[in-house]
K.L.:
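What follows is a single structure, and I will ask about it in a moment.
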Amino acid sequence: MKMRSVEIGVSYVIPTERFSRCIAASKKVRWDIESDVIRGRRFDRANKFLPDGLTLAHQLDFLSSDEKVYFSQVQGRTYANMFGLVERFIGAKVLEISRDHWLGDQIALEALVRSCDEELKHQALFRRVEALTSEVMPAGYSFTWDSNEVAAAVLGKSSWAVLALTLLIELFTQSHYRESIREDADLSELFKDVFLFHWKEESQHAILNELEWRRLDSAISAEARDIAVGELIALVGAVDAILWGQTLADCNYFARTCGRDLSPRELHIVEQTVLDAYRLQYIFSGARQPQFASTLASRTTDTQLERIHAALAAIRRQRQQAAH
C-alpha cells in the first residue's frame with residue numbers, strides 16, 4: 001500500500017484575505033435573537049421540528065402521523081440543546097487560540113473575536129429555544145449534561161483534536177440545514193428560522209476553524225499529532241457516550257408522554273432508532289462530509305486515518321450487535 005507523507009514544520013503564511021472575507025460576511029449576516037429570529041412567535045404542537053431524514057421517523061411504521069410529529073419534536077428539542085452544549089467549548093477554544101494573533105495579524109484576530117461573540121449569541125439562542133419548547137411540550141423532559149463540565153473535559157485535549165471535532169460539528173450543521181431542514185415544508189417555521197440564522201454565521205465559523213486547524217497542524221510534531229489523533233478518537237467516543245445517555249432519556253420521555261403505552265418491542269425499536277438518528281446527526285453526517293474527510297486526510301498519515309476509520313466502524317458495529 002502506498003504511504004502518504006505528512007509535512008511537518010512547513011512554513012505557514014496566514015491567509016489574511018480569507019479572514020477578511022469572513023469578517024465581511026459576518027457583518028453582512030449579523031442578526032438579533034428577538035427581532036430577527038423569534039419575532040414574537042411561539043412553538044406549537046402541530047408541526048415537526050426536524051425532518052424524517054434526520055430523525056428516521058419514517059422507519060417507525062407503528063407510530064401514527066401525530067406520534068411521528070411528536071417524535072420529531074422530542075429530537076428537535078435535544079438537537080437545539082446539543083448545539084448549546086457544544087458551543088460552550090467551541091467558543092472557549094476559539095478565544096484561546098486567538099491569543100496567537102494578539103500581537104500579530106489583527107485581521108485574523110478580529111475574525112476570531114467576532115466568531116466568539118457569535119458563539120455566545122448562539123448559546124443564548126438555544127437557551128431561548130429550550131424555554132419556548134418547554135412552554136408547549138409535556139413536563140418531564142431531561143437534558144442534564146453540564147456545559148461547563150463537558151467543555152472542561154473537551155478542552156483538556158490538544159487544540160488539534162478539539163479543532164478537528166469542531167470542524168466536524170460545524171460542517172454537519174451546514175449540511176443539515178441545506179440538505180434537510182431548509183427544504184422540508186412540514187417543519188415549524190420558527191424552528192427552521194432558528195437554524196437558518198444559525199447556519200448563516202456557522203458558515204464563516206467552519207472556514208475559520210479549518211484555517212486555524214491548518215495553522216496549528218503546520219507546527220505540530222509527528223509524535224504530538226499521533227497523540228492528538230488518539231485524543232480525537234477519544235472525543236468522538238465521549239460524544240457517543242452522551243448520545244447513548246440522551247437516547248435513553250428521550251425515549252423514556254417519549255414513551256411517558258406520547259399518549260399511549262408502547263409495547264416492549266416498540267420501545268426497543270424506538271430506542272434503537274433514536275440512537276441511530278443521533279449518531280447520524282452528531283457523528284456520521286459530519287465524518288462523511290467531503291471537506292472534513294479531505295482536510296483530515298491531508299493532516300494525517302495512512303495509519304492514523306485507519307485508526308480513526310476503525311473507531312467509527314466500531315461505533316457502527318455496536319449498533320449491529322445491539323440489534324441482534
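All heavy atoms count here, side chains included; hydrogens, waters and symmetry mates do not.
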K.L.:
Below 4.0 angstrom, N of the basic side chain to O of the carboxylate: do Glu118 and Lys121 qualify?
P.N.:
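A salt bridge is absent here (no side-chain N lies under 4.0 Å from a carboxylate O).
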
K.L.:
Are Leu305 and Leu168 joined in one hydrophobic group, where the rule is that I, L, V, M, F, W and Y side chains link up if heavy atoms are under 4.5 Å apart?
P.N.:
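Yes, because Leu305 and Leu168 connect within a single hydrophobic cluster, where side-chain heavy atoms sit under 4.5 Å apart.
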
K.L.:
Identify the two heavy atoms, one from Gly84 and one from Gln123, that lie closest to each other, and give their separation to 0.1 Å.
P.N.:
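Closest heavy-atom pair between Gly84 and Gln123: O-CG, 4.1 Å.
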
K.L.:
How long is the span from the CD atom in Glu170 to the OG atom in Ser115, to the nearest 0.5 Å?
P.N.:
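Between atom CD of Glu170 and atom OG of Ser115 there are 7.0 Å.
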
K.L.:
So, Gln174 versus Gln289: side-chain donor-acceptor pair below 3.5 Å or not?
P.N.:
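No - no donor-acceptor pair under 3.5 Å links their side chains.
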
K.L.:
With the 4.5 Å side-chain cut-off for hydrophobic clustering, are Leu280 and Leu248 part of the same group?
P.N.:
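No, because Leu280 and Leu248 fall into different hydrophobic clusters, even though each may have its own neighbours under 4.5 Å.
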
K.L.:
Between Asp193 and Arg39, is the closest basic N to carboxylate O distance under 4.0 Å?
P.N.:
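Counted as a salt bridge, because a side-chain N and a carboxylate O are separated by less than 4.0 Å.
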
K.L.:
Are Tyr141 and Val69 linked, directly or through other ILVMFWY residues, by side chains that come within less than 4.5 angstrom of each other?
P.N.:
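No, because Tyr141 and Val69 fall into different hydrophobic clusters, even though each may have its own neighbours under 4.5 Å.
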
K.L.:
Any link between Ile33 and Phe197 through a network of hydrophobic side chains (Ile, Leu, Val, Met, Phe, Trp, Tyr) touching at under 4.5 Å?
P.N.:
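Per the 4.5 Å side-chain linkage, Ile33 and Phe197 are co-clustered.
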
K.L.:
Looking at Trp160, does the NZ or CZ of Arg299 lie under 6.0 angstrom from its six-membered ring centre and within 45 degrees of the ring axis?
P.N.:
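Checked: cation-pi criterion not met.
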
K.L.:
Which atom names give the shortest non-hydrogen contact between Val154 and Phe89, and what distance separates them?
P.N.:
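Reported closest heavy-atom pair: CG1-CD1, 3.7 Å.
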
K.L.:
Between Glu231 and Ser158, is there a side-chain donor-acceptor contact under 3.5 Å, judged purely by atom types and distance?
P.N.:
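Yes, side-chain donor-acceptor contact under 3.5 Å.
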
K.L.:
Where is the tightest heavy-atom contact between Ala161 and Leu232, given as atom of each residue plus distance?
P.N.:
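That closest heavy-atom pairing would be CB-N, 3.7 Å.
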
K.L.:
Using 30° and 60° as the class limits, which term best fits the ring planes of Phe195 and His198: parallel, tilted or perpendicular?
P.N.:
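Perpendicular: the ring planes of Phe195 and His198 meet at over 60°.
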
K.L.:
Taking the six-membered ring of Phe284, is NZ or CZ of Arg316 closer than 6.0 Å to its centre and within 45° of its axis?
P.N.:
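Yes, a cation-pi geometry holds between Arg316 and Phe284.
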
K.L.:
State yes or no: do Leu109 and Leu103 share one hydrophobic cluster built from I, L, V, M, F, W and Y residues joined by side-chain heavy-atom distances below 4.5 Å, directly or via other members?
P.N.:
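Leu109 clusters together with Leu103.
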
K.L.:
Any side-chain to backbone donor/acceptor pair from Arg18 onto Ile14? Under 3.5 Å, distance only.
P.N.:
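Checked: no pair found.
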
K.L.:
If the plane angle is over 60° it's perpendicular, under 30° parallel, otherwise tilted; pick one for Tyr70 and Tyr253.
P.N.:
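Aromatic pair Tyr70/Tyr253 classed tilted.
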
K.L.:
Would you call the rings of Tyr282 and Phe83 parallel, tilted or perpendicular, taking 30° and 60° as the class edges?
P.N.:
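Perpendicular.
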
K.L.:
Taking all atoms of both residues into account, what is the closest heavy-atom pair of Glu67 and Phe62, and its distance?
P.N.:
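Looking at all heavy atoms of both residues, the closest pair is OE1-O, 4.1 Å.
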
